[in-house]
Amino acid sequence: MKNSYSNIFHFNKKIMRKTIKNLKNGDIVGLPTETVYGLGGNAYKSKSVKRIFKLKGRPIFNPLIVHYYNLDRAINDVEINKNVKILYKKFCPGPVTFILKRKLKSKINPYVYAKLDTIAIRFPKHKITRAILRNINFPLAMPSANKSFNVSPVNPIDVYEEFNKKINIIIDGGKCRVGIESTVIDLTRTPKILRPGIISKNAIEKTLKLKLKNKINNKKIRSPGMLGRHYSPGIPVTINQKKYDGKNAFIYLGCRYKNKKNFFSLSKKKNLTEAASNLYKILRKIKKKGYKKIQITKIPNIGPGIAINDRIKRASKSK
Ligand code: AMP
Ligand code: MG
């Protein structure tokens, strides 16, 4: 691609070889996954990991998810238990992250897991990133490819807008199908969801044949990245809105305000999976159009609506 996006590349063998070479050398690349775009680096190399934190402006206490081609490749890094085997079989590769006990012999760089005794692992489904993971002999530390506290990117141009030319390669894998981050589940003890996602609590309960605990106990932080403001489009967001105030952008479900200026539908059919996949795209679009504020209608708190509400609630926090 020859334009101002000269670091966005279509995927082919040549760019795959270049990407792998860069990753081996400790460089950081922008990669597509089915959830959101990631900022990938060699999880064994301190140079790569430090650069990820620096690029994102991410607090060092917030650990990164480690991405593998398959579960076999994670056996030297984490304790594999029965629950992870069952969930892996059912959902992976796919949009779910498992927190597991770290093995002492693991070669993962300590900054990745923020010196905790656990590691978060995931197996992304996007075929481009799977092809890369398959052909490297190290896992990738890969947070979402946005500056900390911002909305995650779901298109290659979103990644470019976050980091410009600070990264040499952004691979174009199209719009992310899921569009919000993975479900994070702690499997170090009685399973517990730390971040809701498109793979629901119900689906996990059914698969494991057990009831998950409901509330995340905030007094004891189990997922350091789940605190305070996050997913912010950079302008104020108010949620559970009933009345349009006449000048802001208004996000809703359905097609009641079709073609009406300032109104943005997450899903014309009120489908919550589609709504989740459009959420970040629409937040970014509204910001770009120059609106000063966003109102969001009440989103049903069921299925993917739980994950949407988690993200918009954080987006609406001022701190
Ligand atoms: P991101 O990579 O930006 O999608 O965020 C990753 C999420 O996983 C954050 O909320 C992290 O706090 C969480 N996470 C990563 N590693 C761990 C871990 N070892 N224990 C608990 N949460 C983790
Ligand atoms: Mg993130």
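What you see is a predicted model, and the numbers here were worked out from it, not measured in a lab. In listed order, ligands and their atoms are each counted from 1.
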Peer 1: Report yes or no: do Leu253 and Ile302 belong to one cluster of Ile/Leu/Val/Met/Phe/Trp/Tyr joined by side chain heavy-atom distances under 4.5 Å?
Peer 2: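 Leu253 clusters together with Ile302.
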Peer 1: Between Asp186 and ligand 1, find which residue part has any heavy-atom pair under 4.0 Å and reply side chain, backbone, both or neither.
Peer 2: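 Neither; nothing of Asp186 gets under 4.0 Å from ligand 1.
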Peer 1: Quick one: which ligand 1 atoms are inside 4.0 Å of a heavy atom on Ser144?
Peer 2: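 Those atoms are 2 (O), 3 (O).
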Peer 1: Can you classify the ring geometry of Phe250 versus Tyr244 as parallel (below 30°), tilted (30 to 60°) or perpendicular (above 60°)?
Peer 2: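 Taking Tyr244 first and then Phe250, their aromatic rings stand perpendicular (interplane angle over 60°).
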Peer 1: Can an N or O of Thr118 be found at a distance shorter than 3.5 Å from an N or O of ligand 1?
Peer 2: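 Yes, since at least one N or O of Thr118 sits under 3.5 Å from an N or O of ligand 1.
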Peer 1: For ligand 1, which atoms sit closer than 4.0 Å to a heavy atom of Ala120?
Peer 2: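 With Ala120 as reference, the close atoms of ligand 1 come out as 15 (C), 16 (N), 17 (C), 19 (N).
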Peer 1: Apply the test salt bridge (Lys or Arg N to Asp or Glu O under 4.0 Å) to residues Glu34 and Arg122: give CA-CA distance (whole Å), side-chain angles for both, the deciding distance (0.1 Å), then the verdict.
Peer 2: CA-CA 12 Å; Glu34 76 281 22; Arg122 177 165 122 74; 3.0 Å; yes
Peer 1: For Ile99, take its heavy atoms, then give the atoms of ligand 1 lying under 4.0 Å from any of them.
Peer 2: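 Checking each atom against Ile99, I get 17 (C), 18 (C), 20 (N), 21 (C), 22 (N), 23 (C).
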Peer 1: Is there side-chain contact between Lys211 and Glu205, with heavy atoms separated by less than 4.5 Å?
Peer 2: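 Yes, their side chains come closer than 4.5 Å.
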Peer 1: Under a 4.0 Å heavy-atom limit, does Arg58 contact ligand 1 with its side chain, its backbone, both, or neither?
Peer 2: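 The answer is the side chain.
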Peer 1: Could you list which atoms of ligand 1 come closer than 4.0 Å to a heavy atom of Arg195?
Peer 2: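 Matching atoms, with element in brackets: 1 (P), 4 (O), 5 (O), 6 (C), 7 (C).
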Peer 1: What atoms in ligand 1 come closer than 4.0 Å to a heavy atom of Pro63?
Peer 2: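 Near Pro63, meaning under 4.0 Å from one of its heavy atoms, ligand 1 has 11 (C), 12 (O), 14 (N), 15 (C), 16 (N), 17 (C), 18 (C), 23 (C).
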Peer 1: Can you measure from NZ (Lys45) to CD1 (Ile108) and round to the nearest 0.5 angstrom?
Peer 2: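 The NZ atom of Lys45 sits 14.0 Å away from the CD1 atom of Ile108.
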Peer 1: Can we call the ring centroids of Phe264 and Tyr252 under 6.0 Å apart?
Peer 2: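 Here the rings of Tyr252 and Phe264 have centres that are no less than 6.0 Å from each other.
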Peer 1: Taking C-beta and beyond as the side chain, do Tyr113 and Leu64 meet within less than 4.5 Å on heavy atoms?
Peer 2: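 No - every pair of side-chain heavy atoms lies 4.5 Å or more apart.
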Peer 1: Please report whether ligand 1 has a polar contact with Lys56, defined as an N or O pair separated by less than 3.5 Å (distance criterion only).
Peer 2: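 Min N/O separation from ligand 1 is not below 3.5 Å for Lys56.
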Peer 1: When you measure from the Mg ion (ligand 2) to the N, O or S atoms of Ser144, does any of those distances fall below 2.8 Å?
Peer 2: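 Of the N, O and S atoms in Ser144, at least one lies under 2.8 Å from the Mg ion (ligand 2), which means yes.
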Peer 1: Report the C-alpha separation of Glu181 and Arg311 in whole Å, then their side-chain angles, then the decisive distance to 0.1 Å, and conclude whether the salt bridge (Lys or Arg N to Asp or Glu O under 4.0 Å) test is met.
Peer 2: CA-CA 9 Å; Glu181 304 80 357; Arg311 306 309 192 271; 2.8 Å; yes
Peer 1: Would you please determine whether Arg102 falls within less than 4.0 Å of ligand 1 on a heavy-atom basis?
Peer 2: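 For ligand 1, residue contact (heavy atoms, under 4.0 Å) with Arg102 is absent.
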